[in-house]
Trainee: 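Let me give you the structure first, and then I'll get to my questions.
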Number of protein chains: 2
Amino acid sequence: MPPETNDRPTAAEWKVLKIVYELGSCAAREVVEQAQESDGWSASTVKTLLRRLVDKGHLKARRIGTSFLYRPSRPIHTELRSSADALLERATEGAMGPLLQYLVKRSQLSDEELDQLQELIDRQRQEGRSDG
Amino acid sequence: MPPETNDRPTAAEWKVLKIVYELGSCAAREVVEQAQESDGWSASTVKTLLRRLVDKGHLKARRIGTSFLYRPSRPIHTELRSSADALLERATEGAMGPLLQYLVKRSQLSDEELDQLQELIDRQRQEGRSDG
DNA sequence: ACCAACCGTCTACATCTGTAGCCGACATCG
DNA sequence: CGATGTCGGCTACAGATGTAGACGGTTGGT
């Protein structure tokens, strides 16, 4: 099993990575179009970023005739957790509470998601009690 | 008022920035000590990072005799929100729910923080209803 | 068979990052 | 006053990043 590279995507790479996540499985051209619209990048730029993402292991490229079909190597949750970890490392004692409030506010969660978060919070209270 | 530079701290810079946040207001030497312990960085490296953080506007340096007293330019929440924004930009539709669960789990919030988050969630439900 | 459109590859290059050595100024201990 | 330790400043430099042009192969039309 080719090891999951752990080199994180850079900011620019994340933009195209996100596009691929949204498109699912796609050709370079589709990504180029999207990126051109949203960021004004040239085709070359996008192609370079796609290549680097493949090199780093975030994308898989499957050859189809003359071109490639790109798709994410891992579920987006895995990638996002990696970004989230950076946040956890940066937060000082007591900073996560307010930060999470900020995130929840801006996330516009659905009722269902709010319910799930709610349940998790209840569970956390339990654990907190029994844990010290 | 000198404008808040919007150049975000890099990963390495964040490490020393965090140390300064934890120490409050401190001399370079204290930061160097901490960083040496936690990351094995040379004094030079830490000094470079401090300087860059000052250049970018994340730290203020006040001259005290021959040396400097460093302190954060803004509350850590402001800096963290900036990092959090990156996360929000990266998340695709429906990805924030699970991601927030992950963050809440790893954050080990206090009962008080859990209560506040809870309240916020309740408020969010209200808004969601009236908002569509 | 030829030309246009398209595709991925190679190359380029200014900047930014990570990491650190060396130096001169000042201070501190004798 | 001289030796020694500190401190910030300057310089360095390899590797990562952001951004893109040029090129050669292929394909689809005519």
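Below, chains carry the letters A, B, ... as their sequence lines are ordered, and counting in each starts from 1.
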Trainee: What is the distance, to the nearest angstrom, from the CG atom on L49(A) to the P atom on dC10(C)?
Mentor: 17 Å
Trainee: Starting from P on dT9(C), measure out to CG on L53(A) and report it in whole angstrom.
Mentor: 14 Å
Trainee: Is there any side chain to side chain donor-acceptor pair (under 3.5 Å) pair reaching into residues 29-39 of chain B, and which pairs are they, with sequence neighbours excluded?
Mentor: K15(B)-D39(B)
Trainee: Is R71(A) close to L59(A) at the side-chain level, that is, under 4.5 Å between some pair of heavy atoms?
Mentor: no
Trainee: Can you tell me the distance, in whole Å, between the CG atom of D7(B) and the P atom of dT17(C)?
Mentor: 6 Å
Trainee: Taking CD1 from I64(B) and P from dC26(C), how many angstroms apart are they, rounded to a whole number?
Mentor: 17 Å
Trainee: Under 4.0 Å between a side-chain nitrogen and a carboxylate oxygen: does that hold for D122(B) and R125(B)?
Mentor: yes
Trainee: Please set out all donor-acceptor pairs under 3.5 angstrom arising from side-chain atoms of residues 88-103 of chain A, sequence neighbours excluded.
Mentor:
from	atom 1	to	atom 2	distance (Å)
R90(A)	NH1	S83(B)	OG	3.0
Y102(A)	OH	D85(B)	OD1	2.6
Y102(A)	OH	D85(B)	OD2	3.4

Trainee: Is any side-chain heavy atom of Q118(A) closer than 4.5 Å to a side-chain heavy atom of L114(A)?
Mentor: no
Trainee: What I'd like to find out is whether the side chain of R62(A) reaches to under 4.5 Å of the side chain of Y70(A), using heavy atoms alone.
Mentor: no
Trainee: Name every residue in residues 33-43 of chain A that has at least one heavy atom under 4.0 Å from any atom of DNA chain C, in order of residue number, or write none if there are no such residues.
Mentor: none
Trainee: Generate the contact string for nucleotides 4-11 of chain D. Rules: B means base contact, S means sugar-phosphate contact only, - means no protein heavy atom under 4.0 Å.
Mentor: ---SBB-B
Trainee: For a quick test of reading the model, state the closest non-hydrogen atom pair linking L53(A) to L17(A) and the distance between them.
Mentor: CD1-N, 3.9 Å
Trainee: Quick one, F68(A) and V54(A) - any side-chain contact, counting heavy atoms below 4.5 Å?
Mentor: no
Trainee: Side chains of T45(B) and T48(B) only: does a donor on one sit below 3.5 Å from an acceptor on the other?
Mentor: no
Trainee: With a 4.5 Å heavy-atom cut-off, do R8(A) and W14(A) have their side chains touching?
Mentor: no
Trainee: Quick one, K56(B) and P9(B) - any side-chain contact, counting heavy atoms below 4.5 Å?
Mentor: no
Trainee: With each end axis built from five pairs of C1' atoms, what bend angle do you get for the helix from dA1(C)-dT30(D) to dG30(C)-dC1(D)? Round to 10°.
Mentor: 0°
Trainee: Does either side chain, that of H58(A) or that of E13(A), offer a donor lying less than 3.5 Å from an acceptor on the other one?
Mentor: no
Trainee: In residues 10-26 of chain A, which residues come under 4.0 Å of DNA chain C by heavy atom?
Mentor: none
Trainee: Would you kindly give the CG-to-P distance between D55(A) and dA16(D), to the nearest whole Å?
Mentor: 12 Å
Trainee: With the side chain counted from C-beta on, respond yes when V104(B) and Q124(A) share a heavy-atom pair under 4.5 Å apart, and no when they do not.
Mentor: yes
Trainee: Between R52(B) (CZ) and dT19(C) (C1'), how many Å, whole number?
Mentor: 9 Å
